[in-house]
Amino acid sequence: MARELGSRRKIQNYFKEIHIMAYETPITIKKAIDNIRKRNYVLPSIQREFVWDTDQIETLFDSLMRDYPISTFLFWKVDKSKIKDFQFYEFLKKYHEKDNRHNRKAELENEDDIIAILDGQQRMTSMYVALTGSYAKKMPYFHKNSAHAYPEKKLYLNLLKQSEDLEMEYDFKFLTEKEAESSEGHFWFECGKILDITDMGKSSMYLMKNNLMNTSVYSEQESEFAINTLNAFFNVVHQKGTISFYLEEGEELDKVLQIFIRINSGGTKLSYSDLLLSIATAQWKEKDAREVIHEFVDDINKIGDGFSFNKDIVLKACLVLADFDVKFKVDNFTKENMSIIEKQWDQTSAALRAAIELVAKFGYNRDNLIATNTIIPLAYFIYKNNFENQILHSAQRDADRRAIREWLARVLLKGVFGGQPDSIYPAMRDLINKCPGRFPLHEIIEHYKGRRKSISFSSDDIKNLLDLQYGQAKTYCALTLLYPGLNFNFKYHQDHIHPKSQFTKRNLKKVGISEEHIDSYLSEFNNLSNLQLLQATQNIEKSDKPFADWLDKNIGGQLDRESFLMQNHIKLDQSLSFFDFIEFIDNRKKALATQLSNLLDSAIPDSAETEE
């Protein structure tokens with residue numbers, strides 16, 4: 001909560017400086033809620049989305065009950081004749097992390113002036129959700145598509161005792177209806193019902209009907225606490241002027257934007273994407289940037305096995321693909337630039353989509369695409385060469401696909417796009433523009449040799465790759481380098497060559513592995529040297545069958561067997577018996593080191609060199 005509250009003094013000094021604000025008479029929470037319901041209070045398009053979690057809302061209400069300051073709000077009064085000049089959104093009521101995160105566009109009839117919330121959206125939305133709606137976020141360990149993953153919860157207040165949390169005095173909790181059933185030490189009052197308790201008489205009536213004043217049901221201490229707590233909550237919502245606010249009455253969008261930016265820099269600083277989306281939404285003429293970009297983000301995250309892209313990536317791509325300065329500077333967000341981005345949106349989004357479909361085709365998803373911003377240079381390459389309809393399937397683009405797959409594995413393995421990669425985009429744009437019609441892998445490698453963002457590999461780098469473990473995101477990247485000839489029209493899985501299920505102490509002892517070798521078996525089975533990429537259907541069929549048995553049964557014919565072993569970097573004369581696992585690992589580690597070193601133009605690590 002503290003991130004949004006910011007510094008009241010900074011805001012007050014700023015308002016004194018520009019002489020356009022009026023400090024208004026505070027209003028009650030009930031009045032604010034009524035105005036939201038009537039759509040007298042709305043959100044301007046420049047506002048970011050609701051991001052507070054349940055614990056922040058609970059803390060906010062504890063602060064309200066304890067008379068802690070929750071900072072001043074900033075309201076923007078818009079004359080009814082000017083409403084049509086702007087875009088406004090309704091407050092969220094029933095927040096759902098998967099299905100209802102975006103604010104709906106407000107359909108206003110222009111019969112009255114309206115108030116748009118410039119500062120305090122998170123706090124105001126929190127109060128509205130807590131008192132009139134619900135909050136549903138994903139539960140741990142549930143699949144995102146499970147019907148039980150997002151239980152609807154409402155805010156409740158325990159009327160019998162204080163919170164057990166040392167930082168909280170009042171026990172506010174978001175609970176499901178079942179969780180809110182009364183139990184020893186807990187009588188959960190649904191906070192939204194306070195809106196129906198319009199006077200102290202109704203408060204007393206509620207207490208009586210629920211036996212909260214009956215000391216034969218509850219202890220005297222519990223009863224006293226219930227009376228004081230419910231009455232205090234009534235006062236907070238209905239009586240106290242809790243909402244202190246300044247009122248801005250100017251109607252020039254540029255001025256309002258500057259106020260919004262200045263105020264947010266004193267609290268939660270606007271990211272470049274927040275600012276760009278705000279200004280784009282306000283300045284795009286034909287499209288609603290907010291709706292278009294949110295819908296696009298939701299859409300691209302469904303590609304393949306799913307991704308975790310966000311609006312930051314999309315909006316950064318808009319800057320990169322338009323050949324603008326990519327840094328977060330207000331000067332970059334002019335009306336002229338916004339106009340260009342809007343005109344290019346269809347082409348920009350098509351290039352981004354094609355780039356994401358390509359990396360999905362390579363087998364990447366939210367779990368192994370370590371740096372999502374790697375998609376931006378690929379989109380730029382596709383955009384500049386008009387390859388949107390060719391990059392996925394055209395035989396003419398096969399060399400580009402191979403080069404892109406290698407580049408992607410290199411930058412992910414080296415962590416090039418970690419931190420702030422803004423310096424990479426201009427260099428990539430230059431290299432792509434100097435090599436029209438082809439992906440400049442060789443030029444990129446040469447450009448960065450000896451630099452901090454190098455994608456060349458030393459012998460030590462190769463050693464580190466050989467230590468990668470099953471399930472790590474980088475492991476998949478390394479495997480894609482080791483299998484350059486795969487047909488990515490099929491889906492591939494990471495597979496333990498010698499099945500994982502065999503590597504338990506109990507099984508190793510049972511099958512007769514000596515005590516001196518058990519630790520070696522257990523330390524090596526998850527390493528890259530025991531991993532391969534196998535077609536999904538083959539992997540499911542292989543399951544936990546011993547490798548030698550599965551190979552004899554499923555890879556028929558001597559030539560097919562030799563081809564399979566060679567593709568998987570396994571010596572043809574290598575024993576595949578589980579009893580020779582250590583020898584198998586040593587030999588395959590040398591083979592993988594040689595393959596990676598040749599591919600990455602690196603010296604073979606000393607520990608992996610083969611004897612003459």
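Below, each value reflects all heavy atoms present in this structure, side chains not excepted, and no hydrogens, waters or symmetry copies. Only a predicted model underlies this, so the values are computations on that prediction, with no experimental measurement involved.
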Is it true that [Y] and [X] share a donor-acceptor pair across their side chains at a distance under 3.5 Å?
X    : Y    : value
S563 : D560 : no
N568 : Y483 : yes
H447 : D430 : no

Can you tell me if [X] uses its side chain to pair, donor with acceptor, with the backbone of [Y] under 3.5 Å?
X    : Y    : answer
K453 : V416 : yes
N310 : D312 : yes
R401 : S394 : yes
N301 : F309 : yes
R405 : F362 : no
N539 : A536 : no
N158 : G185 : yes
E443 : L431 : no

[X] versus [Y]: any side-chain heavy-atom pair under 4.5 Å?
X    : Y    : result
K589 : E524 : yes
V292 : S349 : no
K94  : E152 : yes
L155 : Y135 : no
L551 : R561 : yes
K173 : E179 : no
I300 : V314 : yes
L534 : I497 : no

Test of understanding: with side chain to side chain donor-acceptor pair (under 3.5 Å), list the residues that count as partners of K542, not counting sequence neighbours.
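If we apply the side chain to side chain donor-acceptor pair (under 3.5 Å) test to K542, skipping adjacent residues, the hits are D495.
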For [X] against [Y], the heavy-atom pair lying closest together:
X    : Y    : answer
L576 : L565 : CD1-CD2, 4.3 Å
Q494 : L531 : OE1-CD1, 4.1 Å
Q122 : V51  : OE1-N, 2.9 Å
C477 : I370 : SG-CD1, 4.3 Å

Can you give the donor-acceptor pairs under 3.5 Å from side chains of residues 376-392 to other protein atoms, not counting sequence neighbours?
unit_1	atom_1	unit_2	atom_2	d
Y380	OH	D323	OD1	2.7
Y380	OH	N433	ND2	3.0
Y383	OH	Q344	NE2	3.3
K384	NZ	D323	OD2	2.8
N385	OD1	G437	N	2.7
N385	ND2	F381	O	2.9
Q390	OE1	R397	NH1	3.4

Please indicate whether [X] has more than 12 foreign heavy atoms, meaning atoms of other residues, nucleotides or ligands, lying under 6.0 Å from its [atom1].
X    : atom1 : value
E177 : CD    : no
K571 : NZ    : no
E583 : CD    : yes
L559 : CG    : no

Donor-acceptor contacts under 3.5 Å from residues 503-517 side chains, at least two apart:
unit_1	atom_1	unit_2	atom_2	d
T504	OG1	N507	N	3.1
N507	ND2	Q502	O	2.8
S514	OG	H517	ND1	3.0

In terms of relative ring orientation, are [X] and [Y] parallel, tilted or perpendicular, with 30° and 60° separating the classes?
X    : Y    : value
F547 : F564 : tilted
W407 : F417 : perpendicular
H498 : F578 : tilted

Strictly by side chain to side chain donor-acceptor pair (under 3.5 Å), give each pair with a member in residues 356-377 just once, sequence neighbours left out.
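Only K361-N489 qualify under side chain to side chain donor-acceptor pair (under 3.5 Å).
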With side chain to side chain donor-acceptor pair (under 3.5 Å) as the rule and sequence neighbours excluded, what pairs involving residues 465-482 come up?
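Non-adjacent pairs meeting side chain to side chain donor-acceptor pair (under 3.5 Å): Q469-N527.
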Any salt bridge between [X] and [Y], counting N to O under 4.0 Å?
X    : Y    : answer
D398 : R402 : yes
K553 : E541 : no
R101 : D298 : yes

Just jot down the ring pair (Phe, Tyr, Trp, His ring centres under 6.0 Å) partners of H393, sequence neighbours excluded, or say none.
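For H393, no residue satisfies ring pair (Phe, Tyr, Trp, His ring centres under 6.0 Å) once neighbours in sequence are set aside.
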I need the single residue from N587, L482, T594, L596 that forms a side chain to side chain contact (heavy atoms under 4.5 Å, CB included) with H569. Which is it?
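The side chain to side chain contact (heavy atoms under 4.5 Å, CB included) with H569 is passed solely by L482 among N587, L482, T594, L596.
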Taking the six-membered ring of F457, is NZ or CZ of K414 closer than 6.0 Å to its centre and within 45° of its axis?
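Verdict for F457: a cation-pi partner in K414.
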